[in-house]
Amino acid sequence: MNFILEATVKAVKHLYNTDIAAADINLQETRKEFEGQVTVVTFPFTKFSKKSPEQTGADIGTFLQDELVDVTGFNVVKGFLNISLADSYWIKQLYTEILPDNFAVAVPNGKKVMVEYSSPNTNKPLHLGHVRNNLLGFSVSEILAAAGYEVVKTNLVNDRGIHICKSMLAWQKFGEGETPESTGMKGDHLVGKYYVIFDKEYKKQIEELKAAGQTEDDAKKNAPLIKEAQEMLQQWEAGNEAVITLWKTMNNWVYTGFADTYKKLGVSFDKFYYESDTYLLGKDIVDEGLAKGVFFKKDDGSVWIDLTAEGLDEKLVLRSDGTSVYMTQDMGTAQLKYNDYHMDKSIYVVGNEQDYHFKVLFTILNKLGKDGAAGLYHLSYGMVDLPSGKMKSREGTVVDADDLMEEIEQKAKDEAEKRGKIDDFGEDEKANLFHTIGMGALKYFLLKVDPKKRLLFDPNESVQLEGHTGPFIQYTHARIKSLLRKAKITGNNISINQLAVEERELILALTQFPGIIQTAAEGYSPAIVANYVYELAKNYNKFYHQCPILSLEDEVLKQFRLQLSAASGKVINKAMKLLGIEVPERM
RNA sequence: GCACUUGUAGCUCAAUUGGAUAGAGCACCUGACUACGGAUCAGGAGGUUAGGGGUUCGACUCCCUUCAAGUGCACCA
């Protein structure tokens with residue numbers, strides 16, 4: 001649509017002798033109830049045209065129609081100039097822009113972006129909240145890559161600390177040598193089981209101490225189990241061989257389990273960082289900050305930054321005993337990542353409960369003048385809530401990621417078998433399809449919502465397969481493929497003179513795809529792609545119902561509609577890939 | 001208490017970043033060529049955009065305020 005913008009700039013210059021930038025022109029899709037396909041909002045021009053919005057629109061419209069052969073007409077409603085483009089223009093768009101293989105393939109922009117996501121703790125299996133994180137991180141990576149970035153996907157694994165010691169201790173005390181092999185349990189679930197056991201036994205001890213007269217706070221501190229866990233953490237830090245061996249063993253169980261879950265989710269990483277390697281980093285940055293006067297030291301030796309001028313608080317960056325806190329590590333890790341990759345942007349996909357932490361972290365790195373600090377971004381997403389409220393692992397109200405995927409595949413299976421269209425599929429083929437549809441439903445459900453909003457998930461209603469859903473879009477694709485199996489595309493560059501409304505609207509929707517990718521990349525929002533591809537599928541379905549294809553006598557028109565169908569199928573496929581969703585040939 | 005975020009149809013979500021009569025899906029009602037694949041399509045009903053004030057040609061969108069919900073305010077991560 002650049003040619004409309006350029007001509008409008010020219011029109012304004014010519015008519016009103018005023019210079020405007022193309023980027024300042026508000027160009028939008030014409031609403032369905034008016035004639036035309038693109039609309040220029042002309043209200044802002046009245047400032048210098050000194051005429052009514054109607055007259056201004058009419059002036060510019062006339063100019064455009066004289067200037068551009070593809071503009072066949074216009075109408076003006078208040079400050080809206082609705083422009084009609086020739087059918088030949090849209091047909092040309094299909095053949096010269098949309099159908100070629102390089103449609104919506106961005107030229108590399110020479111910039112590198114790192115996306116950190118998932119970042120699990122190694123003491124329990126992944127749950128629904130992690131699922132949202134993983135899908136967001138993966139999809140945003142795909143979108144950025146499609147927008148021309150070189151993308152590095154990283155996972156910062158929280159593999160050390162008191163939480164994993166709790167699981168280790170409980171396993172040592174109550175595990176009786178259980179292993180994933182001996183129990184047949186997935187490694188992460190087995191370790192999670194002992195995390196729960198720890199909590200149960202710990203609570204028991206707290207109650208006992210309270211019964212013996214201690215206050216709740218004292219009991220929490222004095223319970224033997226928590227003391228043992230803290231001791232174990234110290235031994236770990238001291239490099240105690242037995243503790244390290246146990247730690248490695250149990251973490252490996254978890255990694256095997258995670259790998260399985262990641263595979264089912266369809267997410268992947270280019271680089272893993274482990275906190276056991278990074279938790280001591282950052283102290284040199286503390287020194288640097290002190291030298292630069294960005295940080296200050298209190299009498300007890302602790303180091304702080306004063307961010308009250310930025311509307312934040314004073315924040316601790318190093319303990320008085322010289323050990324690291326979360327912030328210290330994250331400063332160090334940011335530096336490590338930058339040293340490794342020298343990326344232009346660095347995205348952290350982390351829940352909104354850490355908004356404050358990242359605000360402080362980024363402010364610090366900017367104040368220190370660190371390279372890459374300007375490119376830091378916290379992709380903050382809302383919590384996933386159940387109808388009963390927040391998920392609480394200790395209260396057993398978490399929705400486990402593996403269970404969830406299994407349930408949804410089961411539902412996809414029930415629905416598919418009910419419809420009986422794939423009875424000739426082999427067993428593997430069926431299993432594959434159920435996974436595709438189930439994951440399509442789940443991923444689409446989680447990704448269609450604006451990341452920053454909290455998300456309500458009702459496990460009882462599970463995920464819908466009809467309406468505004470992933471399977472709706474997958475179905476549209478499968479139907480296009482079915483069509484293309486029955487009739488072959490023979491020619492290219494077929495010329496027809498006139499378009500049906502549905503055809504024009506479908507082409508219009510297709511042309512928007514590259515812009516959608518850019519917008520989604522700028523906003524780090526898979527939801528934009530998700531809502532677009534739904535609109536596109538609806539447009540196709542409308543066309544499909546309204547316009548006959550296979551039964552057509554007119555071979556030229558038939559070929560055109562087949563080409564249009566093929567183009568739609570391709571864009572649906574590409575858009576869904578950006579969401580990490582596969583589309584089937586049949587379903 | 002302070003800070004940040006959110007509030008749109010009964011429910012789940014949109015709204016081209018300040019533009020036209022606020023749009024979809026689910027659920028509810030009515031229809032569709034003897035199915036080019038009905039996981040589809042067409043139509044109906046459903047709204048004081050949480051309440052109030054302001055800014056301007058124009059506000060779901062920006063500002064102020066009240067209310068409600070969520071999150072954060074550790075020498076935890």
Side-chain angles (χ1 to χ4, degrees), chain A residues 26-34 39 41-44 46-47 52-53 77-80 82 121 158 160-163 275 279 298 300-304 311-313 316-327 329-330 351-357 359 380 382-383 385 389-390 412 415-416 418-419 421 437 441 445 448-450 452-458 461 464-476 478-483 486-487 512 515-516 519 523 527-528 530-532 534-535 537-538 540-542 544-552 558 561 565 586-587:
Chain A
N26 189 338
L27 193 73
Q28 50 190 281
E29 194 182 334
T30 304
R31 294 181 68 114
K32 298 251 186 297
E33 58 265 39
F34 302 103
T39 295
V41 182
T42 56
F43 281 112
T46 57
K47 283 197 194 89
S52 68
V77 182
K78 291 187 274 183
F80 298 93
N82 303 318
N121 292 350
N158 188 359
R160 51 136 255 134
I162 192 73
H163 55 271
E275 274 195 31
Y279 81 108
K298 289 193 176 173
D300 61 4
S302 58
V303 180
W304 298 72
L312 306 171
D313 296 322
L316 179 89
V317 294
L318 193 73
R319 290 196 190 98
S320 54
D321 63 4
T323 58
S324 304
V325 289
Y326 184 34
M327 193 60 74
Q329 284 187 46
D330 264 7
N352 64 11
E353 61 214 338
Q354 295 195 35
D355 284 354
Y356 189 77
H357 172 76
K359 210 179 265 183
S380 162
M383 300 287 99
D385 289 328
K390 206 188 162 177
E415 293 295 318
K418 199 168 78 189
R419 292 178 168 88
K421 293 176 188 169
I437 296 174
F445 184 83
K448 77 171 184 188
V449 182
D450 184 346
K452 69 170 180 286
K453 292 194 177 172
R454 61 183 266 276
L455 194 130
L456 191 77
F457 186 89
D458 189 340
E461 291 193 14
Q464 298 296 323
L465 303 177
E466 293 174 356
H468 188 179
T469 66
F472 169 92
I473 299 160
Q474 291 174 319
Y475 175 74
T476 305
R479 210 162 49 173
I480 290 170
K481 285 294 176 168
S482 165
L483 204 56
K486 288 178 183 160
Q512 290 167 342
I516 289 290
T519 310
I528 289 171
N531 286 303
Y532 165 76
Y534 172 65
E535 286 300 323
K538 273 211 303 191
Y540 183 81
N541 287 335
K542 219 172 264 187
Y544 179 88
H545 271 268
Q546 199 58 38
C547 304
I549 301 171
L550 294 184
S551 60
L552 284 176
K558 183 172 171 181
R561 288 183 174 167
S565 297
R586 290 177 56 192
M587 66 186 275

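Letters go in sequence order (proteins before strands), and every chain restarts at 1.
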* Asked: Which value, in whole Å, describes the distance between the C1' atoms of nucleotides B:U55 and B:U65?
  -> 15 Å
* Asked: If you look at every strand shown and take non-hydrogen atoms under 4.0 Å, does A:A478 touch a base, only sugar-phosphate, or nothing?
  -> base
* Nearest-angstrom distance, P atom, B:U30 to B:A15 -> 33 Å
* So what does A:N82 touch, heavy atoms closer than 4.0 Å: a base, only the sugar-phosphate, or nothing? -> base
* **Identity of whatever pairs with B:A35 - Watson-Crick or G-U, under 3.5 angstrom** => none
* To do: Please determine, for B:U6, whether a Watson-Crick or G-U wobble partner exists with both distances under 3.5 Å, and give it or none.
  => B:A68
* When all nucleic acid strands are considered with a 4.0 Å heavy-atom cut-off, which category describes A:Y326: base, sugar-phosphate, or nothing? -> base
* Asked: Residues in salt bridge (Lys or Arg N to Asp or Glu O under 4.0 Å) with A:R479, at least two apart?
  -> none
* Structure fact -> With syn meaning chi within 90° of zero and anything else anti, the base of B:U71 is anti
* Asked: If we take the C1' atom in both B:G52 and B:U40, what is their distance in whole Å?
  -> 46 Å
* Asked: With both distances under 3.5 Å as the test, what is the Watson-Crick or G-U wobble partner of B:U48?
  -> none
* Looking across every strand, which nucleic acid part, if any, lies under 4.0 Å from A:M383 by heavy atom: base, sugar-phosphate, or nothing? -> nothing
* To do: Tell which nucleotide pairs with B:G1, taking only Watson-Crick or G-U wobble pairs whose two distances are both under 3.5 angstrom.
  => B:C73
* If the C1' atom of B:C60 is compared with that of B:A14, how far apart are they to the nearest Å? -> 11 Å
* Asked: So what does A:K78 touch, heavy atoms closer than 4.0 Å: a base, only the sugar-phosphate, or nothing?
  -> sugar-phosphate
* Structure fact -> Under a 3.5 Å limit on both distances, the Watson-Crick or wobble mate of B:A42 is B:U30
* Could you pull out all residues at least two apart from A:Y544 that satisfy ring pair (Phe, Tyr, Trp, His ring centres under 6.0 Å)? => none
* Contact class for A:N121 (heavy atom, under 4.0 Å): base, sugar-phosphate, or nothing? -> nothing
* Asked: Mind checking the P distance from B:G72 to B:A45? Whole angstroms is fine.
  -> 45 Å
* Indicate, with a heavy-atom threshold strictly under 4.0 Å, whether A:V41 touches base, sugar-phosphate, or nothing. => base
* Charged N to carboxylate O below 4.0 Å: is that the case for A:K298 and A:D300? -> no
* Structure fact -> The salt bridge (Lys or Arg N to Asp or Glu O under 4.0 Å) partners of A:K47 (sequence neighbours excluded) come to none
* To do: Keeping the roles fixed (side chain from A:T42, backbone from A:G79), state whether a donor-acceptor pair exists under 3.5 Å.
  => yes
* Asked: How would you label the contact of A:A487 with the nucleic acid (heavy atoms, under 4.0 Å): base, sugar-phosphate, or nothing?
  -> nothing
* Pairwise P distance for B:U49 and B:G37, with rounding to whole Å -> 45 Å
* To do: Determine the contact category for A:H468: base if any of its heavy atoms lies under 4.0 Å from a base atom, sugar-phosphate if only primed atoms, P, OP1 or OP2 are that close, otherwise nothing.
  => sugar-phosphate
* Asked: With A:K421, which residues qualify under salt bridge (Lys or Arg N to Asp or Glu O under 4.0 Å), at least two apart?
  -> none
* Asked: Earliest and latest nucleotide of RNA chain B, 5' to 3', sitting under 4.0 Å from a non-hydrogen atom of chain A?
  -> B:C4 to B:A77
* Using the C1' atom as the reference point in each nucleotide, state the distance between B:G18 and B:A59 in Å, no decimals. => 7 Å
* Nucleotide opposite B:G58 in a Watson-Crick or G-U pair, distances under 3.5 Å -> none
* With a 4.0 Å cut-off on heavy atoms, is A:T39 in touch with a base, just the backbone sugar-phosphate, or nothing at all? -> base
* To do: Classify the angle between the aromatic ring planes of A:F80 and A:F43 as parallel (below 30°), tilted (30 to 60°) or perpendicular (above 60°).
  => perpendicular
* Asked: Going from CD1 on A:I528 to OG1 on A:T519, what distance comes out if it is rounded to the nearest 0.5 angstrom?
  -> 6.0 Å
* Residues A:D313, A:Y356; criterion side chain to side chain donor-acceptor pair (under 3.5 Å); working and verdict -> CA-CA 10 Å; A:D313 296 322; A:Y356 189 77; 3.2 Å; yes
* Asked: Which part of the nucleic acid, if any, lies within reach of A:Q474 when heavy atoms closer than 4.0 Å are counted: base, sugar-phosphate only, or nothing?
  -> nothing
* Structure fact -> pair_partner(B:A20), Watson-Crick or wobble, both distances < 3.5 Å, evaluates to none
* To do: Have a look at A:I437 and say if it touches a base, only the backbone sugar-phosphate, or nothing, with a 4.0 Å heavy-atom cut-off.
  => base
* To do: Would you indicate what A:E353 reaches in the nucleic acid, counting non-hydrogen atoms under 4.0 angstrom: base, sugar-phosphate, or nothing?
  => sugar-phosphate
* Please tell me which of A:L483 and A:R419 maps to the more 5' nucleotide of RNA chain B, matching each residue to the nucleotide holding its nearest heavy atom. => A:L483
* Asked: Looking across every strand, which nucleic acid part, if any, lies under 4.0 Å from A:Q546 by heavy atom: base, sugar-phosphate, or nothing?
  -> nothing
* Asked: Among all residues two or more places apart in sequence or in another chain, which pass the salt bridge (Lys or Arg N to Asp or Glu O under 4.0 Å) test with A:E353?
  -> none
* Want to settle it: does A:T476 or A:S320 sit nearer the 5' end of RNA chain B, counting the closest nucleotide to each? -> A:T476
* Between B:U8 and B:A50, how far apart are the P atoms? Round to whole Å, please. => 6 Å
